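Below: one structure, written as structure tokens.
Just so it is clear, the model here is predicted, and its values are computed rather than measured. Sequence positions, counted from 1, serve as the residue numbers for this chain. When a ligand or atom number is given, it counts from 1 through the structure's own listing order.
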Amino acid sequence: MILKDQVALITGAARGIGKAIAARLAREGASVAIIDIDGEQARKTALELECELLRAVPYTCDVADPGEANKVVKKVVSDLERIDILVNNAGITRDGLLMRMKPEEWDLVFAVNLKGAFNFIRSACRQMLKQRAGAIVNISSVIGLIGNAGQANYSASKAGLLGLTKSAAKEFAPRGIRVNAVAPGFIETEMTAVLPEEAKQGWLASVPLNRAGSMEEVASAVLFLVGPDSEYITGQVLQVDGGMIM
Ligand code: NAP
């Protein structure tokens, strides 16, 4: 139970990778705030974790809205009394070739993927600064490192998260707050399940370990970066990609 008595906020935690991260941190003793735009699904996920006798509290929030983010962070502090861990996981895609990409599709992806993380870091850091400790993990993507045709908005937002991670790491290091990023590769989720078989095979051909990753494998990397075994690590990007990029 390496996270006993700690409080963790995870955005986009109602399903997918965020849900796996919430479950993993909760099983290590953390009380988890399940934050998601889909409040109903967040409640179901929290209930599932409570059935395992874990502490999980659901919150409805659009991470792109700074006011909502601030309100939810205050509510978490009043409900759970502290914030030790923040995982900025909420992310969306609106794919399309650049020539045809609508400015609204660009803006929406940036609002959720990049500004959402900024909103939560800005709001949650106040409590972490009071506690003089904290660990933040931003979920980026290998697409933020290498780019991808048809995903300029997603790739740029995920690359932006790396700049945010490194700047925040430098700014907060003297106050005991560590900030790192995880860059998953091809992970089996609902996001990737909808890809055509041909596209999946194309991706897998570029993975030396020759398989897709699991949500639990991403959660393990997050647990390492928020736990005591990484206390001398900040400003880093941990790829969970089966060796896709080296
Ligand atoms: P997912 O299954 O689509 O789950 C994302 C969750 O975030 C959903 O519950 C979604 O709610 C929620 N969400 C969306 N917009 C939000 C907003 N504005 N405010 C709050 N919550 C919001 O995605 P995933 O595959 O688990 O991916 C999780 C993260 O990993 C994302 O940042 C993604 O970019 C990154 N990632 C995924 C892969 C992969 O292979 N899957 C690879 C690299 C990186 P709704 O269901 O209502 O939209």
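- For the residue pair T165 and N138, a side-chain donor N or O sits within less than 3.5 Å of a side-chain acceptor on the partner.
- The shortest N/O to N/O separation between I17 and ligand 1 falls below 3.5 Å.
- Judged by the shortest distance from any of its heavy atoms, K158 lies inside the 4.0 Å radius around the atoms of ligand 1.
- Set against the non-hydrogen atoms of C61, the atoms of ligand 1 under 4.0 Å away are 19 (N), 20 (C).
- Among protein heavy atoms, the minimum distance from atom 6 (C) of ligand 1 is reached at G12 O, 3.5 Å.
- Counting only non-hydrogen atoms, the option in E190, E68, R15 that gets closest to atom 2 (O) of ligand 1 is R15.
- Some N or O of I187 is nearer than 3.5 Å to an N or O of ligand 1, by distance alone.
- By the criterion of a heavy-atom distance under 4.0 Å, the side chain of T189, and not its backbone, is placed next to ligand 1.
- Ranking protein heavy atoms by distance to atom 36 (N) of ligand 1, first place goes to Y154 OH, 3.6 Å.
- Near D38, with a cut-off below 4.0 Å to any heavy atom, the atoms of ligand 1 are 47 (O).
- Between A14 and ligand 1, no N or O atom pair is found at a separation short of 3.5 Å.
- Side chains of N70 and S123: a donor-acceptor N/O pair is present below 3.5 angstrom, by distance only.
- Judged by distance alone, the side chains of T45 and R15 never bring a donor and an acceptor atom under 3.5 Å apart.
- If you check which protein heavy atom lies closest to atom 42 (C) of ligand 1, you get G185 O, 3.1 Å.
- Residue D36 places a heavy atom under 4.0 Å from ligand 1.
- D38 and Q41 share no donor-acceptor pair across their side chains, judged by distance under 3.5 Å alone.
- Of all heavy-atom pairs between A183 and V142, the closest is O-CG1, 3.8 Å.
- Considering backbone and side-chain N/O atoms, D62 comes within less than 3.5 Å of an N/O atom of ligand 1.
- In this comparison of I37, I92, N89, I139, the heavy atom closest to atom 32 (O) of ligand 1 sits on N89.
- Among protein heavy atoms, atom 19 (N) of ligand 1 sits closest to V63 N, 3.0 Å.
- Screening I21, V137, L3 for a side-chain contact (heavy atoms from CB on, under 4.5 Å) involving L223 leaves a single residue, L3.
- A22 approaches V32 most closely through the heavy-atom pair O-CG1, 3.7 Å.
- Between T192 and ligand 1, no pair of N/O atoms sits closer than 3.5 Å.
- For atom 23 (O) of ligand 1, the closest heavy atom belonging to the protein is M191 CE, 4.0 Å.
- Protein heavy atom at the shortest distance from atom 43 (C) of ligand 1 is P184 O, 3.4 Å.
- No salt bridge links E231 with R178; every basic N to acidic carboxylate O contact stays at or beyond 4.0 Å.
- For atom 44 (C) of ligand 1, the candidate residues are A111, A183, S140, G91; the nearest heavy-atom contact is made by S140.
- Taking every heavy atom of S141 and a limit of under 4.0 angstrom, the matching atoms of ligand 1 come to 43 (C), 44 (C).
- The only option from I83, D84, I34, V77 that meets the side-chain contact (heavy atoms from CB on, under 4.5 Å) definition with L9 turns out to be I83.
- Partners of E197 by salt bridge (Lys or Arg N to Asp or Glu O under 4.0 Å), not counting sequence neighbours: none found.
- Using a 3.5 Å distance cut-off with no hydrogens or angles, the side chains of Q236 and N180 do not pair a donor with an acceptor.
- D79 and Y59 share a donor-acceptor pair across their side chains, judged by distance under 3.5 Å alone.
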